[in-house]
Amino acid sequence: MPLQAFFNSFGYFAQAAGVTVAVSLAGIAIGFVIGVAVCIARVSGGRWLGGLGAVYVSVFRGVPLLVQLLFIYYFLAELGLDVPALVAAVGGLALASAAYQAEILRGALNAVPRGQGEAAIAIGFSPLDTWRRILLPQALRISVPPLINEFILLLKASSLVSVVGIAELTRVSMNVASSIYRPLEAYVGGGLFYLVINLGLAALGNLAERRLAAGSGP
Amino acid sequence: MSFDVLWRYAPSLISGFGVTILCWSAGSALGLVLGAAIALGRRAPLSPLQWLLRAYVELIRGTPFLMQLFLLYAAGPSIGLRLSATAAGVIGLGMYSSAYFAEIFRAGFAAVPKGQIDAAVSIGMTPLDILWRVTLPGALVAVVPPIVNTLIVLSKETVVLSIITVPELMYQMQTMAAETFTAFDAIFAMAVFYWLLVEVVSRLGRRLERSVTAFIRHSAGPA
């Protein structure tokens with residue numbers, strides 16, 4: 001009874017799906033903070049900070065995620081730090097995602113019409129107020145759909161942290177496959193969990209896009 | 001890392017790089033062909049076929065590449081599909097990328113303004129001429145930049161193939177690291193190497209983009 005095997009380990013899968021979502025959420029949240037910093041450095045950091053931000057983006061988008069994860073893992077060991085694998089996993093996802101999020105935010109800032117900032121200054125807004133009340137709200141609105149898209153990509157990329165031993169969805173699928181000798185059911189089951197989560201996120205993204213588009217009418 | 005370790009392992013590293021390039025090019029070629037076929041199939045008026053192709057694209061895009069590789073390589077034998085690791089890697093990369101290429105082609109065809117095709121019909125061009133001189137050039141301009149991007153992403157995805165023991169560069173490097181206790185140095189070298197590779201490929205890609213879309217700039221002036 002092929003489906004029996006899947007239902008027997010359903011709880012195990014569900015728990016692992018929780019770990020996948022948690023690791024990805026932590027990665028995207030920490031990545032957002034770093035991403036904002038990198039974005040600010042690139043937009044208004046002058047020559048040195050701006051250059052540093054550009055190098056950050058180039059490195060973390062250029063090096064494959066698996067290499068980054070193993071690098072952090074071995075780097076911490078080289079330093080003699082005995083941190084849990086979870087730290088390396090979340091840290092790796094966050095650092096990589098930050099590079100993509102920084103570019104999303106930069107693109108969104110560029111998409112805010114230049115006149116908006118100039119108008120704010122013209123009617124006497126302080127630079128801080130211009131950012132807080134005019135530029136950021138509009139840039140964030142523009143960047144919500146691509147950020148949700150980035151979350152979907154990160155959630156799929158999080159399958160790679162199985163390599164450093166985190167018991168998330170991919171790792172658990174491997175474990176189930178080897179313990180019940182039914183790789184087909186195990187991997188199809190794990191894949192279905194990913195599919196359901198991602199379709200849910202995609203629906204959320206569509207909803208956000210529609211609501212935000214409705215709010216920005218002429 | 002002492003360089004004589006690298007020197008000693010040079011043959012296996014070079015062969016690993018060869019396998020990386022092979023998997024990348026063969027996988028991308030397979031993906032482009034499959035993707036074009038899917039995009040054309042989705043334009044056909046057969047609704048069950050459209051539904052099936054759409055499900056395929058969503059399935060591939062909704063699950064991680066690593067999961068698809070396991071399904072192909074580890075679960076394949078239970079439905080009678082026995083592949084070598086490298087074959088599974090190439091086919092896996094091809095199937096994975098085909099979904100993304102299909103969406104790119106679909107968007108490309110949709111990007112050609114309908115008025116241009118109407119205009120071509122009204123001045124008496126044959127359907128083949130329209131496809132060759134109007135639809136394809138228009139679609140090509142829309143399609144090349146995202147294809148270049150996807151190719152760059154795929155060059156990074158080849159690293160994942162090491163997990164299912166495809167003997168590509170990452171796999172060879174990890175073997176070397178395990179045999180010589182040089183894990184950190186090896187992974188550092190890999191990071192630098194892939195960064196340079198992706199930078200070079202991106203530069204070449206941008207150049208290709210410019211040359212393919214050059215005719216727009218040439219013909220953009222007042223007629």
Once you round to the nearest 0.5 Å, how far does OH of A:Tyr181 lie from OG of B:Ser78? 14.5 Å
May I ask you to check whether over 12 heavy atoms, not counting those of B:Tyr171, lie within 6.0 Å of atom OH? no
Using non-hydrogen atoms only, which part of B:Ser162 is less than 4.5 Å away from chain A: side chain, backbone, both, or neither? side chain
Can you measure from CG (A:Leu66) to CD1 (B:Ile163) and round to the nearest 0.5 angstrom? 5.0 Å
Return the CD to CZ distance between B:Glu199 and A:Arg61, rounded to the nearest 0.5 Å. 9.5 Å
If you count heavy-atom pairs within less than 4.5 Å of chain B, which of A:Leu201, A:Leu155, A:Leu195 leads? A:Leu195
Could you walk me through whether B:Met170 and A:Val67 pass the side-chain contact (heavy atoms from CB on, under 4.5 Å) test, one step at a time? CA-CA 8 Å; B:Met170 182 74 175; A:Val67 176; 3.8 Å; yes
Taking atom CD1 of B:Ile187 and atom OH of A:Tyr74, what is their separation to the nearest 0.5 Å? 6.5 Å
Full working for side-chain contact (heavy atoms from CB on, under 4.5 Å) between A:Leu192 and B:Thr63: CA-CA 8 Å; A:Leu192 278 178; B:Thr63 51; over 6 Å; no
Residue B:Arg206 excluded, over 12 heavy atoms near CZ under 6.0 Å: yes
Looking only at heavy atoms, the pair that brings B:Lys156 and A:Pro64 closest together is O-CB, 3.7 Å
Taking all atoms of both residues into account, what is the closest heavy-atom pair of A:Pro183 and B:Ala74, and its distance? CG-O, 3.5 Å
Give a yes or no on whether B:Phe105 atom CZ has more than 12 heavy-atom contacts from other residues, nucleotides or ligands under 6.0 Å away. yes
Return the OH to CG distance between A:Tyr194 and B:Leu59, rounded to the nearest 0.5 Å. 14.5 Å
If I compare all heavy atoms of A:Ser58 with all of B:Trp195, which pair ends up nearest, and what's the gap? OG-NE1, 2.8 Å
Pick whichever of B:Val198, B:Ile152, B:Val201 has the most heavy-atom pairs under 4.5 Å with chain A. B:Val198
Heaviest contributor of heavy-atom pairs below 4.5 Å to chain B, chosen from A:Gly190, A:Ser159, A:Ser173, A:Ala177, is A:Ser159
Report which part of A:Val196 has an atom under 4.5 Å of a heavy atom belonging to chain B: side chain, backbone, both, or neither. neither
Go through the atoms of A:Val59 and report whether side chain, backbone, both or neither lie under 4.5 Å from a heavy atom of chain B. both
Calculate, to the nearest 0.5 Å, the distance between atoms CZ and CZ belonging to B:Phe188 and A:Phe75 respectively. 9.5 Å
Counting only heavy atoms closer than 4.5 Å, note whether A:Leu199 contacts chain B via side chain, backbone, both or neither. side chain
So which atom in B:Phe70 and which in A:Thr170 form the shortest heavy-atom distance, rounded to 0.1 Å? CE1-CG2, 3.8 Å
Looking only at heavy atoms and a cut-off of under 4.5 Å, which of B:Leu197, B:Leu196, B:Leu66 has the most pairs with chain A? B:Leu66
Checking heavy atoms, do the side chain of B:Met190, its backbone, both or neither come under 4.5 Å from chain A? both
Out of B:Met67, B:Glu58, B:Arg61, B:Glu157, return the one with the most heavy atom pairs under 4.5 angstrom to chain A. B:Met67
